[in-house]
Amino acid sequence: MLILTATSTTITIATCVLCVMFALGGALALWASITNADWFFATSSARSITNTFKRTPARIFYGICGALIMAAAVAIFPL
């Protein structure tokens, strides 16, 4: 019987990778909302928001989401 255990180093590396992915995703959403990037708001997932609301509320929504995702990355970052 094989028992797999995660070492503290493995968990720390995985958490750091997750933090970097969150930070990059949040930064992308925040940057796209600030610069009003057409390529970002033309995607099918963003189009569902921009079709329901106008472009400016969608930009505000994605800006807030991006900031919250970056805050989550900072909150779970292992010190």
Side-chain angles (χ1 to χ4, degrees):
M1 179 173 190
L2 178 65
I3 299 174
L4 298 174
T5 59
T7 63
S8 125
T9 305
T10 305
I11 293 172
T12 304
I13 291 171
T15 305
C16 287
V17 169
L18 184 66
C19 287
V20 168
M21 289 175 24
F22 269 48
L24 289 175
L28 177 67
L30 186 61
W31 176 80
S33 70
I34 291 171
T35 61
N36 196 16
D38 284 332
W39 61 268
F40 182 84
F41 290 103
T43 61
S44 60
S45 58
R47 205 173 310 133
S48 64
I49 300 293
T50 56
N51 287 341
T52 305
F53 305 107
K54 298 219 183 273
R55 186 75 171 251
T56 301
R59 288 178 62 197
I60 293 169
F61 172 76
Y62 277 106
I64 290 171
C65 285
L68 289 175
I69 292 170
M70 288 180 12
V74 169
I76 63 173
F77 189 76
L79 295 177

Cut-off 3.5 Å, no hydrogens considered: what does the side-chain donor-acceptor table look like for residues 21-34, sequence neighbours left out?
{"unit_1": "S33", "atom_1": "OG", "unit_2": "A29", "atom_2": "O", "d": "3.4"}
{"unit_1": "S33", "atom_1": "OG", "unit_2": "L30", "atom_2": "O", "d": "2.8"}

Residue pairs involving [range] (criterion salt bridge (charged side-chain N to carboxylate O under 4.0 Å, His left out); sequence neighbours excluded):
range: residues 66-79; value: none
range: residues 8-24; value: none
range: residues 68-79; value: none
range: residues 27-44; value: D38-R55

N/O donor-acceptor pairs under 3.5 Å from side chains in residues 66-79, not counting sequence neighbours:
none

T43: which residues meet the side-chain contact (heavy atoms from CB on, under 4.5 Å) condition with it, sequence neighbours left out?
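With neighbours one apart ignored, the set is S45, A46.
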
What's the spacing between I49 CD1 and R59 CZ if we round to 0.5 Å?
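Reported to 0.5 Å precision, the distance equals 15.0 Å.
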
State which residues pass side-chain hydrogen bond (donor to acceptor under 3.5 Å, both in side chains) with N51; sequence neighbours excluded, sorted by chain then number.
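Result, side-chain hydrogen bond (donor to acceptor under 3.5 Å, both in side chains) vs N51: none returned.
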
Test side-chain hydrogen bond (donor to acceptor under 3.5 Å, both in side chains) applied to R47 - qualifying residues, sequence neighbours left out
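So R47 forms no side-chain hydrogen bond (donor to acceptor under 3.5 Å, both in side chains) with any residue.
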
Mind checking what makes ring pair (Phe, Tyr, Trp, His ring centres under 6.0 Å) contact with F61, not counting sequence neighbours?
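So F61 forms no ring pair (Phe, Tyr, Trp, His ring centres under 6.0 Å) with any residue.
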
